[in-house]
Asks: 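Just dropping this structure here.
Reckoned from all heavy atoms, side chains included, excluding hydrogens, waters and symmetry mates.
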Amino acid sequence: MARSKTSQRWLKEHFDDPYVKMAQRDGYRSRASYKLLEIQEKDRILRPGMTVVDLGAAPGGWSQVTSRVIGDKGTLIASDILEMDSIPDVTFIQGDFTEDDVFAQILDAIGNNPVDLVISDMAPNMSGVRTADQARAMYLCELALDLSARVLKPGGDFLIKIFQGEGFDAYHKQVREMFEKVQMRKPLSSRDRSREQYLLGRGYRGN
Ligand SMILES: C[S@@+](CC[C@H](N)C(=O)[O-])C[C@H]1O[C@@H](n2cnc3c(N)ncnc32)[C@H](O)[C@@H]1O
C-alpha cells in the first residue's frame, strides 16, 4: 500500500531525528527519555530511594531513566494500556487507565507506600479531530491528578504532559491549588510543532 504524505514525512523526521539516534546509542527504548532527562537536569525531580508512579509508561523510556536514578532502594510502579517489556524491579500494570479496575490495580500495587512523585506522559491516539482529541487528553490528565491526590505524600511532586487548548486553564488552576509551586516545561527534545508541554507541580499540599 502506498504511504501517505503524512506518514512519509513522519518516517523521514523519525529517522533524521537526533534524539532517535541518541536513544539507540544510549540504550533507551524511546526518544521520550530525553524529555525526562532534560527536566531532571533542570529540576532534579528524581532522587535515589524514591517511590515513583509512571503513567503511560510504554515502551519504557521514562521508566528506564527513573529506575536508573532511584536505584535499588527505590520503588517504581508503571502502567500503560500497551504491553511493555519488563524492566528489573519495576512493577508493571497493563490496562486502560480510564477503567476503574485498572485504576484500582494501580492503587493496590502502591499499597501504603507514600509516593514521592507521579509522572505521566500519557497521550491518547490522536484522531485528528482537535476538540475530541483535546477532551480525551484532558480526561487522562484529570484522572492522573485524581490518582496523585490519593497517593502522593505531602511535599510530593507531579509531572504531566498536557496540551494547550480547551480545559488547560482550569486544569492549571487546579494544579496550582494542590501544589506549592507550578511550572511549565517544554524540553528541547519535544518537537516544536507539537502542542505538548509538561506541567510540573512541586510540593503537594496534602488533603
Ligand atoms: C508518548 S507515549 C509514552 C512514552 C513513554 N513515556 C516512554 O518514555 O517510553 C504515551 C503513552 O500513553 C499511553 N496511553 C494512552 N492512553 C492510555 C490509556 N487510556 N491508559 C493507559 N495508557 C494510555 C499510550 O499507550 C502510550 O504508550
Asks: Could you see if Phe97 belongs to whatever hydrophobic cluster contains Ile160? Use Ile, Leu, Val, Met, Phe, Trp, Tyr and a side-chain cutoff under 4.5 Å.
Replies: yes

Asks: Check whether any side-chain heavy atom of Gln40 sits under 4.5 Å from a side-chain heavy atom of Val65, and report yes or no.
Replies: no

Asks: In Å, rounded to the nearest 0.5 Å, how long is the span from CD1 of Ile162 to CZ of Phe168?
Replies: 5.5 Å

Asks: Give the intermediate values and the outcome of salt bridge (charged side-chain N to carboxylate O under 4.0 Å, His left out) for residues Lys42 and Glu38.
Replies: CA-CA 6 Å; Lys42 187 174 176 70; Glu38 276 186 66; over 6 Å; no

Asks: With distance as the sole test, does Thr51 use its side chain to make a donor-acceptor pair with the main-chain N or O of Thr75 at under 3.5 Å?
Replies: no

Asks: Short question: side chain of Gln94, backbone of Ile81 - any donor-acceptor pair under 3.5 Å?
Replies: yes

Asks: Tell me if a side-chain donor or acceptor on Asp96 pairs with a main-chain N or O of Thr98 at a distance below 3.5 Å.
Replies: yes

Asks: Once rounded to the nearest 0.5 Å, what's the spacing between atom SG of Cys141 and atom CD of Gln174?
Replies: 10.5 Å

Asks: Looking only at heavy atoms, what is the nearest atom pair of Tyr198 and Asp121, with distance?
Replies: OH-OD1, 2.8 Å

Asks: Does Asp133 reach the main-chain N or O of Ser127 with its side chain, forming a donor-acceptor pair under 3.5 Å?
Replies: yes

Asks: Counting N and O atoms only, with roles assigned by atom type, does the side chain of Thr66 sit under 3.5 Å from a partner on the main chain of Trp62, one being a donor and the other an acceptor?
Replies: yes

Asks: Atom CD of Glu196 and atom NZ of Lys161: how far apart are they, to the nearest 0.5 Å?
Replies: 4.5 Å

Asks: Applying the 4.5 Å side-chain criterion to the ILVMFWY set and letting contacts propagate, would Tyr139 and Leu147 be lumped into a single cluster?
Replies: yes

Asks: Looking at Gly203, is its backbone amide N or carbonyl O close enough to the side chain of Asp157 to form a donor-acceptor pair, meaning the two atoms are under 3.5 Å apart?
Replies: yes

Asks: Ignoring hydrogens and geometry, is there a side-chain-to-backbone donor-acceptor pair from Asp80 to Ala57 under 3.5 Å?
Replies: yes

Asks: Return yes if some donor-acceptor pair links the side-chain N/O of Arg136 with the main-chain N/O of Asn125 below 3.5 Å, else return no.
Replies: yes

Asks: What are the two closest heavy atoms between Met138 and Gly167, and how far apart are they?
Replies: CE-O, 3.5 Å

Asks: Among Met184, Lys181, Gln183, exactly one meets side chain to side chain contact (heavy atoms under 4.5 Å, CB included) together with Leu200. Which residue is that?
Replies: Gln183

Asks: Going by the angle between their ring planes, with limits at 30° and 60°, are Tyr34 and Tyr28 parallel, tilted or perpendicular?
Replies: perpendicular

Asks: Does any non-hydrogen side-chain atom of Leu55 lie less than 4.5 Å from one of Leu143?
Replies: no

Asks: For residues Leu117 and Phe92: do they belong to one hydrophobic cluster (side chain heavy atoms under 4.5 Å, members Ile, Leu, Val, Met, Phe, Trp, Tyr)?
Replies: yes

Asks: Does one hydrophobic cluster hold both Val182 and Ile39, with members joined at side-chain heavy-atom distances below 4.5 Å?
Replies: no

Asks: Donor-acceptor check, side chain of Arg195 to backbone of Phe163, threshold 3.5 angstrom: yes or no?
Replies: no

Asks: Give a yes or no on whether Val69 and Leu76 share a hydrophobic cluster (residues Ile, Leu, Val, Met, Phe, Trp, Tyr; joining criterion: side-chain heavy atoms under 4.5 Å apart).
Replies: yes

Asks: Between Arg29 (side chain) and Met84 (backbone), is there a donor-acceptor pair under 3.5 Å?
Replies: no

